[in-house]
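Counting starts at 1 for both ligands and their atoms, in listed order. All of these numbers come straight from a predicted model, not from anything done at the bench.
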Amino acid sequence: MSTTVRLGVMGGTFDPVHYGHLVAAEEALAQFHLDRVVFMPTGRPVRKTHRSVSSAEDRYLMTVVATASNPDFSVSRIEIDRAGDTYTVDTMLQMRKESGEGAELFFITGADAVREILGWRGADRLAELCTFIAATRPGYEADFPSEAVEGGGPRLPKVEHMEVPALAISSSDIRDRVAAGRPVRYLLPESVSAYIEKTGLYRAPTR
Ligand code: ATP
Ligand code: MG
């Protein structure tokens with residue numbers, strides 16, 4: 001049996017974290033025999049400049065309370081503690097450094113986000129660092145060059161597909177619901193909705 005550590009990284013804005021994220025991470029753990037999944041809230045998301053994103057600390061804390069009961073999940077502060085723009089390649093380089101050469105890294109992402117990967121800064125470097133796990137997401141087709149699916153290459157990340165139970169849940173919809181006073185129960189952990197209520201997050205429309 002191999003002793004290589006298989007480490008999943010679930011990147012996201014998590015504004016707020018919801019059951020779509022948690023189910024995708026849990027499925028990746030099982031389907032790809034990962035040892036653990038590290039949730040990685042983004043610092044200043046490069047690609048989400050069109051709306052104001054909640055503070056890194058709020059997003060970090062919501063992710064912590066949402067994952068607290070799962071011994072295989074943890075949350076990293078790497079991105080939120082880094083000054084300046086967030087680039088996935090820098091994060092994965094640091095994860096590689098921290099986890100050692102023996103670890104195998106996986107970046108878990110939804111079908112909508114994987115399409116952007118090929119255009120990301122350092123996509124060729126990312127190809128050497130990790131395998132991408134693309135989760136199905138209702139309403140989104142995963143469409144990217146077939147070379148990426150067929151095992152990657154020197155410049156194209158390797159992308160593995162993963163079927164997850166379809167959950168048409170998004171953070172944007174949850175924010176809209178909170179702003180409109182509509183229910184969010186059963187869309188995200190109760191600990192997270194309690195945090196939202198306590199802090200007054202999303203009460204005013206955010207977009
Ligand atoms: P927003 O609506 O603000 O864009 P979001 O719900 O898409 O938020 P993100 O933090 O942007 O959440 O997502 C982080 C990662 O989780 C992305 O890779 C995204 O594709 C994936 N993801 C989000 N929701 C789901 C879902 N319901 N099913 C599968 N993957 C999901
Ligand atoms: Mg999104």
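- Residue Thr109 approaches ligand 1 through these ligand atoms, each under 4.0 Å from one of its heavy atoms: 18 (O).
- Side-chain contact between Arg82 and Ile78 is present, with at least one heavy-atom pair separated by less than 4.5 Å.
- Distances below 4.0 Å separate heavy atoms of Arg175 from the following atoms of ligand 1: 3 (O).
- Of all heavy-atom pairs spanning Ser193 and Val184, the tightest one is CB-CG2, 4.2 Å.
- For Ala111, no nitrogen or oxygen atom sits less than 3.5 Å from a nitrogen or oxygen atom of ligand 1, counting backbone and side chain alike.
- Taking a cut-off of under 4.0 Å to the non-hydrogen atoms of Ser172, the atoms of ligand 1 that pass are 1 (P), 2 (O), 3 (O).
- Heavy atoms of Ile169 approach ligand 1 to within less than 4.0 angstrom.
- In terms of N/O distances under 3.5 Å, ligand 1 is approached by Leu167.
- Across every non-hydrogen atom of Glu27 and Glu163, the tightest pair is OE1-O, 4.1 Å.
- Atoms of ligand 1 found under 4.0 Å from any heavy atom of Ser170, numbered from 1 in the order shown, are 2 (O), 6 (O).
- Using the six-membered ring where Trp is involved, Phe14 and His21 have ring planes that are perpendicular, over 60° apart on the 30 and 60° scheme.
- Residue Ile108 places no N or O, backbone or side chain, under 3.5 Å from any N or O of ligand 1.
- Using a 4.5 Å cut-off on side-chain heavy atoms (C-beta onward), Pro16 and Arg175 make contact.
- Residue-ligand proximity: Gly11 is placed with a non-hydrogen atom under 4.0 Å from ligand 1.
- Considering every non-hydrogen atom in both Pro41 and Tyr60, the closest pair reads CG-CA, 4.2 Å.
- Looking only at side-chain heavy atoms (C-beta outward), Val37 and Phe106 stay at 4.5 Å or farther from each other.
- The atoms of ligand 1 that sit less than 4.0 Å from any heavy atom of Gly12 are 10 (O), 14 (C).
- Heavy-atom distances between Thr136 and ligand 1 reach below 4.0 Å in at least one pair.
- At a heavy-atom cutoff of 4.0 Å, ligand 1 is contacted by no atom of Asp15, backbone or side chain.
- Side-chain contact check for Arg125 versus Leu93: some heavy-atom pair is nearer than 4.5 Å.
- Not one N or O of Ala168 is nearer than 3.5 Å to an N or O of ligand 1, by distance alone.
- Applying the side-chain hydrogen bond (donor to acceptor under 3.5 Å, both in side chains) definition to pairs two or more places apart or across chains, none involves residues 178-189.
- Geometrically, ligand 1 and Arg137 share a nitrogen or oxygen pair separated by less than 3.5 Å.
- Ion pairing between Glu197 and Arg203 fails under the 4.0 Å rule for side-chain N and carboxylate O.
- In terms of heavy-atom proximity, Arg59 sits nearest to Gly43 at NH2-O, 2.9 Å.
- The residue among Asp112, Val17, Leu22 with a heavy atom at the shortest distance from atom 20 (O) of ligand 1 is Asp112.
- Near Gly20, meaning under 4.0 Å from one of its heavy atoms, ligand 1 places the atoms 26 (C), 27 (N).
- Residue-ligand proximity, Met10 to ligand 1, at heavy-atom distances under 4.0 Å covers atoms 15 (C), 16 (O).
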